[in-house]
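Numbers for residues simply follow the sequence, beginning at 1. In listed order, ligands and their atoms are each counted from 1.
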Amino acid sequence: MLDLLSESLKGRCLFAIPKKGRLYEKCLQLLSGADIQFTRSHRLDVCLVRNHNMALVFLPAADIPRFVGEGNVHFGITGQDMVAEADVNGLVSETLQLEFGKCKLQVQVPERGDIKTVEDLVGKKVVTSFEVLAGRYFGELDAKSGKEGVKTKIEYIGGSVEAACALGLADGIVDLVESGETMRAAGLHAIETILTSQAVLIRSNKPADEHDALIERITSRIAGVVAAGKYVLCNYNIPRKVVQEATRVTPGRRAATVSPLDDPDWVAVSSMVLKAQVADVMDKLQAIGASDILVIGLNNCRV
Ligand SMILES: Nc1ncnc2c1ncn2[C@@H]1O[C@H](COP(=O)(O)OP(=O)(O)OP(=O)(O)O)[C@@H](O)[C@H]1O
Ligand SMILES: O=P(O)(O)OC[C@H]1O[C@H](OP(=O)(O)OP(=O)(O)O)[C@H](O)[C@@H]1O
């Protein structure tokens, strides 16, 4: 079976995808939007792509940086926190931020405790799933503390890190925060942010090979899917005499499209607008005198 599998992978571009967890579903949406056609059979973590010289390799998100950096996997999707924790600098490059999986790696301590700052944690015990990042962060604090020979103890646990303080296992923790619910429920609060993270596309820094063009093409398709999720198309009619003021509100990514209407005193404008800003934009356009303001969702695009 292994021979058969490695034979079928020969010469193919390998794309690593988180095999489950928070990032999985969004990754499947990106693959679909990029028209990467495959059928993942049960229990198999490698599957051939039907319409490209490519195979998908389903791996734990934490392992993907190393597989891309050191293995034969050419590119992949994982969290920026995983890339930093894997300490693969120089072996992989971040090629695209994917706008999902957003979270922060934060130092957290009991809300009602004596520890108020990260300096108060120097020499004490910190529990985390991010040993490399926490070790580096507190190593720098130890060095700056001026306390000769004092070293903050960093201990690894794989999950439920937030329970460590209540159980007397630690004075503080370093853990991911997304909504903050887990942290607050555990009676903790954040006193420092070590890094912010989101899902990213990463690629190997190995010399270019025959797969470079395909990687560029897939990256461009995924960038289009990400942009389509960030932007909407805003169409509206505006009196010609205030079109300059209106296109300052909707400048577009390169420029707004302005088209004449049958009525010489009016023009039609079409422009890409950030989804997060569209309500304010519509208010401003209405105040300037725009009418028939339409907001159209984008299924896909190329930017
Ligand atoms: N609240 C969160 N907890 C953990 N990871 C998060 C969170 N929010 C975003 N992420 C991102 O998801 C990545 C973890 O995904 P991964 O699939 O490895 O773990 P998971 O979603 O906790 O699933 P599992 O329970 O199988 O470990 C993190 O590296 C981070 O980039
Ligand atoms: O800010 P929130 O939205 O509450 O998310 C943060 C929590 O999510 C993750 O735990 P996960 O749910 O993966 O369980 P785990 O503790 O077993 O890692 C992470 O370790 C935090 O505990």
Asker: Using a 4.0 Å cut-off to any heavy atom of Ser179, which atoms of ligand 2 qualify?
Answerer: 1 (O), 2 (P), 3 (O), 4 (O)

Asker: Among all protein heavy atoms, pick out the one at the shortest distance from atom 19 (O) of ligand 1; state its residue, atom name and that distance to 0.1 Å.
Answerer: Arg22 NH1, 4.6 Å

Asker: Show which atoms of ligand 1 fall inside a sub-4.0 Å distance from at least one heavy-atom site of Gly79.
Answerer: 31 (O)

Asker: Suppose we measure from atom 24 (P) of ligand 1 to each protein heavy atom; which comes out shortest, and what is that distance?
Answerer: Lys20 NZ, 3.7 Å

Asker: Tell me whether atom 29 (O) of ligand 1 lies less than 4.0 Å from at least one protein heavy-atom position.
Answerer: yes

Asker: Any idea which atoms of ligand 1 are less than 4.0 Å away from a heavy-atom of Met82?
Answerer: 28 (C), 29 (O)

Asker: Check whether any N or O atom of Leu176, backbone or side chain, sits under 3.5 Å from an N or O atom of ligand 2, and answer yes or no.
Answerer: no

Asker: So is Gly101 close enough to ligand 1, meaning a heavy atom under 4.0 angstrom away?
Answerer: yes

Asker: Regarding atom 18 (O) of ligand 1: of the candidates Ala61, Cys27, Gly158, which has the closest heavy atom?
Answerer: Ala61

Asker: Nearest non-hydrogen atom to atom 1 (O) of ligand 2 belongs to which of Met183, Gln106, Glu178, Arg22?
Answerer: Glu178

Asker: I want to confirm something. Looking only at heavy atoms, which of Thr128, Ile157, Thr182 is nearest to atom 7 (C) of ligand 2?
Answerer: Thr182

Asker: So, Thr39 versus Arg50: side-chain donor-acceptor pair below 3.5 Å or not?
Answerer: yes

